[in-house]
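Please read the structure below before turning to the comments.
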Amino acid sequence: MSGNNLRAAASGLARAVSDLRAAQRTLPPEAIDLACHVSLPVAVDPRLLHLTRINFLPDLPYEMEARLLLSPLFHELGDGLYEIKPELRDLLLAALDARFGSERLQRMAVLLERYTDLRSSWPDSPELAHAQRLTALHVLRPDEALQWLADNEAAASTDTGLAPTWFVAMRRQINTTPPDRALLERLLDGAVRQLRQPDRRRRVADVLTVAALLALLGASVAYAIEALRAAISDGDPAVRRAARDALPRAEAEVRHDQPPSDEVLALRASPDGLADPAESRVVLIGGDGLPGPYRLPEVKAALLDLVDVLTDREVWGVDRRHCQVLLGADRSQAEEALRRAADEVGPDGLLLVHFAGHGLVDPDGTIVFGIAGTDPEQPRLAGLPYPVVEGYVAASGAGLKLLLFDCVLAGSVSWPRLSPRIDYLLTQGPGLPPVGTGSPALTRELTRLLWSGVPGQGALLDLRAIHAALNPNLPLLLQLRHDSSTTPLVRNRAWPESTLVGRVLVVAPDGVDPDVVGPGRSGAVVLVLRHHPREGTLGVRLDDPSDRAVDLPADWSRLVAPPPVEFRGGTPATRPGFVAVAQFRADERPSPGFRALRARIGVLLRFAEPARRPPRIRLFRGYLGWEPGHLESLLAEGIVWRADPEQATRRLLTDQPEKLWDDLTRDVEFTPQLRGGGPSRSDFDLLLAGLAWRIRQGHRLTLLLGDGVSSASQVRARRAAAAEISERSPGERSYPDPHGDRQDWAVGRLLARCGAWFDHRVFTTRSAGALARAIRAEGRAATVSQVGTERAAVGSGDTVRVFQVQDDAGGSRYGSADYGRRSGWSPPPADRLSRLITGDHVYVVGHHGEPGSVMAALRRLQEDRGVSVSWVAAPAGESEAELSIRTTALRHLLGRGATPYPGVTADTFLTALCRQFGALPSAAPRLGSGVRFPRGEEEFVVDPG
Amino acid sequence: MLPGLLPELVALLRRRGVPLGVDDVAALRCALAAGFGWQSRTALRELCVSLWAKSPAEAEVVRAVFASVDLDDWDVTHVPSSTDVPSDPQAPPGSPSPSVPSTVPADIGAGAGPSPTTRPQPPPAANAGPLPHSGWDDPKLVLVPQYPVTPRAAAQVWRRMRQPARRGPAVELDVEETVRRQTRTGVATPPVLVPARRNLARLLLLVDTEGSMQPYQDFVGQVELSIRRAARLDTLAVRYFHDVPGHADRALLANADHLHADLDRILADIPALTYARVYQEPDLIRSEGLSDVLEAVGRSTPVCVVSDAGAARGRLDTLRLLDTVAMLKALRGSGRAVAWLNPVEPGRWERTTAELVARHVPMHPMTVPGMYAVVDVLRGRFAPVARPL
């Protein structure tokens, strides 16, 4: 090969690797797998790509097809055709061989041949059709392909109508064997050797090439990973950074033939939507070095507190090493820190620059931050100008850029408009005390808010939500780019699922592993010590005392709450020692080494000198662990629920731990006493637990469900109805709940889990929004329509359509509502309703008192259109129409031609059906079945000895 | 007792989009109990096809999935019989089995991968002539597209575009009126006839094509075909464009808020698009004026736009937003209902033109719930948006 050819080949390979890296940055590995498959055809059209996906990678979402075709891997040829460049095609074909074996290549060739035959796919281009067929034939019968090519080329066949240039091109393409794994290994070997060359820029490129080839190879190659590790200590920072970025991905590259689920894909892409802490950088600058009245002594403590909260894994979890706190720093030090942070932050990271101190204004109107050495009279000389800070941040490659300035500007100068290259700017506005009397109020307030969270918001907080929740007395200015307004910044500690720390959980008996609990015991009571959505949950059992006396120094043993024995917290820890749970009285201050979990509950992290007014403690040997998401699923299934916080706090260190479970569940009986003002979270959990429990047990159950927001008279009416049903049908229980929304959520999730048939439409007399959201939360699709007797609070969501029927003195009226608005009331409902409801099946989650018009509509649906109406969890009906619908529903549910079982209730049937489909979570992993918390044990287990 | 393969088969078919339910399983159970499907694996496969497939496409899916299930634990055909004929090891796996139960399931071995003997072997390759077939086949391959919305589901959704009314010649007997008239007069009167019911709903579909919409073209085409075939609309006009059908005056952007990508500040000043061209074919060959099309379909005919609005490539283009707003104003005209179907998933609308367009027009993804919502809007349902035009 001549020198020119060699250079061209090297350049082509470099371009291929560059395109590959660009695609690897934006696409999941499974999409690259799909690209490997379609690298066989000469050209691809969207349908061939689609057929390839559904045959070989069916779990990959449809959306990925378009993303792949529009990625740098493909080049658009026009007429709906896409092509992969030859060098890249070779790499991908080799990767297909390396990951899936030669059999997959053959299957792909069969698909290509059948596709070309079946669809007259390229009628206007016989050259392309022949090229595709010949490519497939070359894989399946290489000798025949070469023979045909030779014969026809020599004869310059006129039968095929192919030009001589076509034969030349095809001969060049198929004259060699298809690339295989050896090609990738050879290229990788070459790139690893190049890592030692002196040219810095080439070294960076080679690090990236090694990473890209490793990912493509789909295997962990030890010597290549070693080379990347060595590059981390390279003298050049750019090489170091490239190696640091590449190494974790290379090490984690353990590929499986089976593509991962959507959840795993989503988790890989972005675990919870926050900026990646590993790629993020935080620079906190304290303006505490100013002279005289400008000095702000509180800044240091406030900034350190802010570091604490930002590094907390329940809030964000950025590494402390990536949080630079500059106290007393001059301008050059501050600029160096900013430059380094802007240089190191990654594309998935957040760059946060926070300044707490005085904002000064230069005579030319420039805002300058007062740092060490700044002369308040001439701030520009040694201060840190705002444009400098903005410049560093704007020029960085961070995915999200945030400026927080906790300072008040002297005079009437206002903050400049936000640069379009920065996402957020939060500053203090006018109106704060002047120089000398200020304090880092925004920093303090922000820290407090991040620790406490924002009740009523979701799991994540964006800056708009934080801004809205900050102290209204603080005059704050928020500027944000339009398209970054909803980007989440931190986790919300007030969100229910994230505040399990310090909560007492009650576990139903069937959720406890008998190996842990022991036979004959009831459920368990657990205190959560740590809860993290990605790392799991750690807790101790509160109700399982052993007969082994506590052995502690006298100073401490007197603090042990009776009974003075060790408790079995769960699976024994790997290191010696105890988890020491401590509780203070309200008027006491925590002793040294105390770590608060919630209110007055915490753990002792060291047995130092007891405080003057020490806590009561209890020692637990061992602990329980849940893998990420496990505890949440148990909560959702009703196997675990939250105990009432007040009651749990009162009985936390009870002297009768054996009775703790009974005490906390005494009022339950799955008929919770609902307090005025709405059900509490624990009520809701209890209700869900009750429903799930009883359905699993096969109990006869009547769900008497609310209609959304209810008046007192309606509550009374329902309770009366419940009593009447109980009286009429002894043995059946009814559960009146005046607060429909939460109950709807519970019922929706339950039904979604139970119902393999729920991928249809749901027609409900209840709050459609909650039901639809609950069903969607279970990954089921359902269009929920509502027919109610009241105006209901309406949920939003694409699949929620709400129809309402109002029965009043004026007769039945029909209307529709959306997003809480109501419009277009007009009669009559029955025929309009029956027109509006489409589909083959209608499932009614209903109970008592549907208006006659609804019943008429349902009957019309049944009789006129043959729509099957299924009635779930309905009490015994009175009217002929109800009876008819329910009978038909049961017949339908039980299967055409089957005899309805006498006396079967809807829920019993439901349970049986679920068992048949295995849909009930009966095989869910149980509490305490040996799951170890991956990290954190060392934080809680202390050895007093 | 159902065979062990049934749950796997049902799960695989549901994963492939064949909507099997309890009834279908029960139907198979009844058929098996009645003695069908026991003769051979092929007979069982064809029984499943007969019971479950509602179209040739679904039949192909059922067959392909059936070929991929593991039958090792299925022993129904293992019926000892003196008439057993040893199966020919050279017989093609896909060929029909003999009616006599064989001791070995006919398709065993086919699950291992493509086979070189399953398709009719072509004549030996001539020295010169047409390209020979390889003769290989893989019964597990499916060659029927499985887009996120099946034709059946799309048809169900779009059938809701209904506006029934009695129009045309009186051809249907009005029984009640006939009886009422006879009882009132007491003498035999001629039967009363009324016009038949017709669907008067009309729709203009504006489809973005080529460029970033190219990967979605098949999917959009399938939905369009479902509307044509199944919606039974009085009038359906489909026109095509690329990105935007025309351009608005760029000078308008001088007054826009340059710190934000949206056009809220000048929204009221953007005039409706006056010069815009749309095309009669997806290849964008024969063009006509958008205003002519709107006039031809009628002032009240709702319009559904199918486009990615820049979301496919993840672009935020203020010029495109300006043109789109002008187009939407032209479409809305005198209060016509306008909705937008976006084939890109909503998660990728963020930070693109699509997110900003969705502030002005009801935009929904091209899924079944999304199309339900769009049909609602097209039927006149009020759908709030952040910044109405």
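A, B, ... follow the sequence lines: proteins, then strands. Residue 1 opens every chain.
Proximity to chain A is absent for every atom of B:Arg159, based on heavy atoms less than 4.5 angstrom apart. In this structure, chain A has no heavy atom under 4.5 Å from any part of B:Val157. Heavy-atom distances place both the backbone and the side chain of B:Gln214 under 4.5 Å from chain A.
With sequence neighbours left out, the side chain to side chain contact (heavy atoms under 4.5 Å, CB included) criterion links A:Thr52 to A:Leu34, A:His37, A:Val38, A:Leu48, A:Phe56, A:Met108, A:Leu111. For the side chain to side chain contact (heavy atoms under 4.5 Å, CB included) test, residues two or more places apart in sequence or in another chain that qualify with B:Ala358 are B:Met363.
Closest approach of B:Thr150 and B:Gln222 over heavy atoms only: C-NE2, 4.1 Å.
Panel note: side chain B:Arg162, backbone B:Ala201; no donor-acceptor pair is recorded below 3.5 Å.
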